[in-house]
Undergrad: 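Got a structure here, written out as structure tokens. Questions coming.
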Amino acid sequence: MDYKRYLITSALPYANGPVHIGHLAGVYVPSDIYVRYLRQKGKDVKFICGSDEHGVPITIKARKEGVSPQAIVDRYHELNKSSFERFGISFDIYSRTSNKVHHETAGDFFKDLYQKGEFVEQTSEQYYDKDAGQFLADRYIKGTCPHCNYEEAYGDQCEQCGTSLSPMELINPHSMLTGNNPVKKETTHWYLPLDQYEGHLRKWILEDHKEWKSNVYGQCKSWLDDGLKPRAVTRDLDWGVPVPVEGADGKVLYVWFDAPIGYISATKELTPDWEKYWKDEKTKLVHFIGKDNIVFHCIIFPSMLHRAGNYILPDNVPANEFLNLEGNKISTSRNWAVWLHEYLEEFPGKEDVLRYTLTANMPETKDNDFSWADFQARNNNELVAILGNFVNRALVLTHKYYNGEVPEPADYTEFDKETIEIYQQIRAKVEHALDHYRFREALREAMNLARLGNKYLADTEPWKVVKTDEARTRTIMYVSLQISAALSVLMEPFIPFSAQKLNEMVNAPGLTWQDIGNMDLLKPGHKINKAKLLFEKVDDVMVANQRQKLDDTKKQNEAENADVEPSKAEVKFEDFTKMDIRVGTILDAEKVKKTKKLLKMTVDTGIDQRTVVSGIAEYFTPEDVVGRQVSILVNLAPRKIRG
RNA sequence: GGCGAGAUAGCUCAGCAGGUUAGAGCGCAUGAUUCAUAAUCAUGAGGUCCCCGGUUCAAGUCCGGGUCUCGCUACCA
């Protein structure tokens, strides 16, 4: 299909924290490369993003800090917006879901579906806090987990045993707002009957979009094969887009219903022509997301669009996997991350180094790891040594031999022709990779042009030839300069800042994507500018500093974990006297298979040897604990755990 | 517990309508070179293609079972 225009969206970052390298590698860098590529080709493209500012976690953070939810989202919206901009993520608009346009758009969207009778209304019992005068979101209820008896389990999940729960399952539930025991009360919500759209979704995804990435396709298939269920699209909460229906006071749209509509409202805010981008079959819509968002962008949002009528559906949803940091999962709450705003401060002028590293190591097919050693190596061995070096050689020699003027070439030799042929094939290779959302491959192909340049210079040796054959030298330099100029366009989607610098050096502002492969980008007689270094080395000190920073985080986390708070309810002295606590030595330990947290240990208690299972495997390896002394409650009744 | 995705050289990854000695980049070793930010170029070493079975003349490549990692999801499947 020949598309007239492109609408590219990046997942809306949740405005309860700053953006980190995981977000960048997963979503913003690939989408930005794709968009810059399309713009280079002269396509009509709109690149949409914004802050996702509703939902329960933001209200919890606000409560914790004693400020309003709006204050929280204002803080992170501004921070992330400016960070993206400084990092060269070239959104056409970076909007936000707390603004007026969005509230109207999302409200209207709901109302439209409501009036069409698309929703199923259902009344159910939920916990209500009388004193606070509101229904409690799952996250606002704590209680005892029915599976592991952990007393601080949340209404939606027990952090101790990992089970996901519903608030009704909790034993002794209490409200986090007031500490009271909530009461059950009836409430009405609207459900999107996804089950009714199954047929349409099956055909659209499973038959018409077999080209989607295997992780995306596989997960959609899994959902469809399992059978879809109606999904609530409203919540009892006072932060969000109010449900525009009479009698729905105190209810807002579920954040996952309202957030993707943010793509639409942002487009509306950007251009009065927004409908062309959302409702014309000639528009290609692509959602860039992380793998945790697949179901919302492939099942739920498309269902909403489909039932609203005359909206187009995404042509592709290239979801990336996750990026780890130095071998550990990135975690906002544990501060295990490289934050974009901090990187920008600590590595001024090195935006492209991070962009390059994240692209070269993008988690396209599986989770990948970011390490500072890799960052340094990519910079020093690739950006500096291959790309920066080649360009520098070509430009410096031109200044030396021809005073900065592009020389008139003589006839090409067979070797020149071979080199030129390879050069001319590179554009198609990069395009093919980008058209299929294979960014690592595209970058590798693009870098091959710089490699080709280095090889060409090494083989032709102009610094020797110049002493004997002036005409030949002119040709060699001419070819090298064309390649340098082509690089300034070819590299732009990946490393825009450096490409711009290079473009200024070769002094050819008007070059376009279509020029790549041509041999007349810089004409004889054209003056180039002074050669400056495109990249500089990252030294060991910089790397050591970043490692130190992470080590500090690790230590701080450990210290915080060591801060034990009384986490269980008070017990009577009589209960205490019943317990026989002794010091035992761990003789042997092994991980319990198929579990994340369980460690099985043999402990010598002094009176016997017994097998004990404890949920500490995330913090200790079996080797760590063997030989250690632990206190053990020896008269605890035996229980069967996982056989 | 169910489902999905991944597991290939020290590292990051390609390969797969099944077919001769399994590829690339980086790292490493050796040599060449000096225009260039000790940058480049050439050559080479290095792999039981996660494990166990099976189909086949032939299997990283297909099928069954298992292990590990990540994600989604669940008092059912």
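Everything numeric here is computed off the predicted structure, so don't read it as measured data. Quick note on labels: first sequence line is chain A, next is B, and so on, each numbered from 1.
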Undergrad: Measuring from A:L224:CG to A:L206:CG, what's the distance to the nearest 0.5 Å?
TA: 5.0 Å
Undergrad: Please answer whether the main-chain N or O of A:I386 pairs with a side-chain N or O of A:N454 as donor and acceptor at a distance below 3.5 Å.
TA: yes
Undergrad: Using OP1 and OP2 only, check whether a side-chain N or O of A:T365 sits under 4.0 Å from B:A14.
TA: yes
Undergrad: Rounded to whole Å, please give me the gap between NZ in A:K455 and P in B:G25.
TA: 12 Å
Undergrad: Which nucleotide, if any, forms a Watson-Crick or G-U wobble pair with B:A22, using both distances under 3.5 Å?
TA: none
Undergrad: Roughly how far apart, to the nearest Å, are B:G19 and B:G60 at atom P?
TA: 10 Å
Undergrad: When the distance from CZ of A:F390 to C1' of B:U40 is rounded to whole Å, what number comes out?
TA: 12 Å
Undergrad: Using only heavy-atom distances, determine whether the side chains of A:H209 and A:E211 contain a donor-acceptor pair under 3.5 Å.
TA: yes
Undergrad: So if I take every side-chain heavy atom of A:V384 and compare against B:A14, B:U40, B:U37, which nucleotide ends up nearest?
TA: B:U37
Undergrad: Of the nucleotides B:C70, B:G71, B:U12, which has the atom closest to the A:D367 side chain?
TA: B:C70
Undergrad: Have a look at A:K537 and say if it touches a base, only the backbone sugar-phosphate, or nothing, with a 4.0 Å heavy-atom cut-off.
TA: base
Undergrad: With nearest nucleotide decided by heavy atoms, which residue, A:N324 or A:N215, maps closer to the 5′ end of RNA chain B?
TA: A:N215
Undergrad: What distance, rounded to whole Å, do you find between the two C1' atoms, one in B:A38 and one in B:U33?
TA: 12 Å
Undergrad: Name the orientation class of the two ring planes belonging to A:Y437 and A:F288 (parallel below 30°, tilted from 30 to 60°, perpendicular beyond 60°).
TA: perpendicular
Undergrad: Tell me what A:L534 touches on the nucleic acid: a base, only sugar-phosphate, or nothing, going by heavy atoms under 4.0 Å.
TA: base
Undergrad: Provide the distance between the two P atoms, one in B:C26 and one in B:U43, to the nearest whole Å.
TA: 13 Å
Undergrad: Using the P atom on both, measure B:C62 against B:G18 and round to a whole Å.
TA: 8 Å
Undergrad: Measure CG/A:L383 against P/B:U40 and give the value in whole Å, please.
TA: 12 Å
Undergrad: Taking A:Q219 for the side chain and A:I294 for the main chain, is one N or O donor matched with an acceptor at less than 3.5 Å?
TA: no
Undergrad: Classify the ring geometry of A:F347 against A:F375: parallel below 30°, tilted from 30° to 60°, perpendicular beyond 60°.
TA: perpendicular
Undergrad: How many Å lie between NZ on A:K213 and C1' on B:G71, as a whole number?
TA: 13 Å
Undergrad: Does B:G60 count as syn, meaning its glycosidic angle lies within 90° of 0, or as anti?
TA: syn
Undergrad: Rounding to an integer number of Å, can you tell me how far A:N328 CG sits from B:U69 C1'?
TA: 13 Å
Undergrad: Using whole Å, report how far CG of A:N380 lies from C1' of B:C11.
TA: 16 Å
Undergrad: Start at the 5' end of RNA chain B and walk down; is the nucleotide closest to A:L533 or to A:S214 reached first?
TA: A:S214
Undergrad: In terms of side-chain heavy atoms of A:A458, which of B:U12, B:A36, B:C41 is nearest?
TA: B:C41
Undergrad: Report which part of the nucleic acid A:K464 touches: base, sugar-phosphate, or nothing (heavy-atom distance under 4.0 Å, all strands).
TA: sugar-phosphate
Undergrad: Which residues within residues 441-454 of chain A lie with some heavy atom under 4.0 Å of an atom in RNA chain B?
TA: A:R444, A:R451, A:N454
Undergrad: So what does A:K400 touch, heavy atoms closer than 4.0 Å: a base, only the sugar-phosphate, or nothing?
TA: sugar-phosphate
Undergrad: Is any NZ, NE, NH1 or NH2 atom of the basic residue among A:K350 and A:E536 found under 4.0 Å from an Asp or Glu carboxylate oxygen of the other?
TA: yes
Undergrad: Give none if B:A14 has no partner; otherwise give the nucleotide forming a Watson-Crick or G-U wobble pair with it, both distances under 3.5 Å.
TA: none
Undergrad: For B:A9 and B:C51, measure between their P atoms and round to the nearest Å.
TA: 11 Å
Undergrad: When the C1' atoms of B:G4 and B:A22 are considered, how many whole Å apart are they?
TA: 28 Å
Undergrad: For the side chain of A:K366, starting at C-beta, report the closest nucleotide among B:U37, B:G6, B:U40.
TA: B:G6
Undergrad: Among the candidates B:C35, B:C72, B:A5, find the nucleotide nearest to the side-chain atoms of A:V396.
TA: B:C35
Undergrad: Under a 3.5 Å distance rule, please check whether A:H23 uses its side chain to pair with a backbone N or O of A:H20 as donor and acceptor.
TA: yes
Undergrad: Could you report the tightest heavy-atom contact between A:P260 and A:V255, atom names first, then the distance?
TA: CD-O, 4.4 Å
Undergrad: Which value, in whole Å, describes the distance between the C1' atoms of nucleotides B:U8 and B:A59?
TA: 14 Å
Undergrad: Any idea which heavy atoms bring A:M362 and A:A25 closest together, and the distance?
TA: CG-O, 3.5 Å
Undergrad: What's the closest nucleotide to the A:W223 side chain, out of B:U73, B:U12, B:C35?
TA: B:U73
Undergrad: When you get a sec, tell me which of B:G71, B:A39, B:A42 is the closest nucleotide to the side chain of A:K291?
TA: B:G71
Undergrad: Could you check which of B:G71, B:A14, B:U37 has an atom nearest any side-chain atom of A:R440?
TA: B:A14
Undergrad: Looking at B:U33, B:G25, B:U40, which one has an atom nearest to any side-chain atom of A:N389?
TA: B:U40
Undergrad: Taking a pair as Watson-Crick or G-U wobble with both distances under 3.5 Å, which nucleotide is matched to B:U56?
TA: none
Undergrad: Rounded to whole angstrom units, what separation is found between the CD1 atom of A:I294 and the P atom of B:G6?
TA: 12 Å
Undergrad: For B:C49, give the paired nucleotide (Watson-Crick: N1-N3 plus N6-O4 or O6-N4; G-U: N1-O2 and O6-N3; both under 3.5 Å), or none.
TA: none
Undergrad: Distance check, C1' atoms only: B:U67 and B:A45, in whole angstrom units.
TA: 32 Å
Undergrad: Now, which nucleotide makes the Watson-Crick or G-U wobble pair with B:A38, with each of the two distances under 3.5 Å?
TA: none
Undergrad: Let's test this: given Watson-Crick or G-U wobble pairing with both distances under 3.5 Å, identify the partner of B:A5.
TA: B:U69
Undergrad: Just call it for A:K229: base, sugar-phosphate, or nothing, with non-hydrogen atoms closer than 4.0 Å on any strand.
TA: base
Undergrad: Would you name the heavy atoms of A:M447 and A:E382 that are closest together and state the gap between them?
TA: CE-O, 3.6 Å
Undergrad: Just by modelled atom types, is the A:G143 backbone N or O under 3.5 Å from a matching donor or acceptor in the A:N172 side chain?
TA: no
Undergrad: Looking only at side-chain atoms of A:W463, point me to the closest of B:G4, B:C26, B:U33.
TA: B:U33
Undergrad: Atom CG of A:N381 and atom P of B:A39: how far apart are they, to the nearest Å?
TA: 8 Å
Undergrad: With both distances under 3.5 angstrom, what nucleotide forms a Watson-Crick or G-U wobble pair with B:G27?
TA: none
Undergrad: Paired with B:A74: which nucleotide, if any, by Watson-Crick or G-U wobble criteria at under 3.5 Å for both distances?
TA: none
Undergrad: Which is true for A:F535 with a 4.0 Å heavy-atom rule: it touches a base, it touches only sugar-phosphate, or it touches nothing?
TA: base
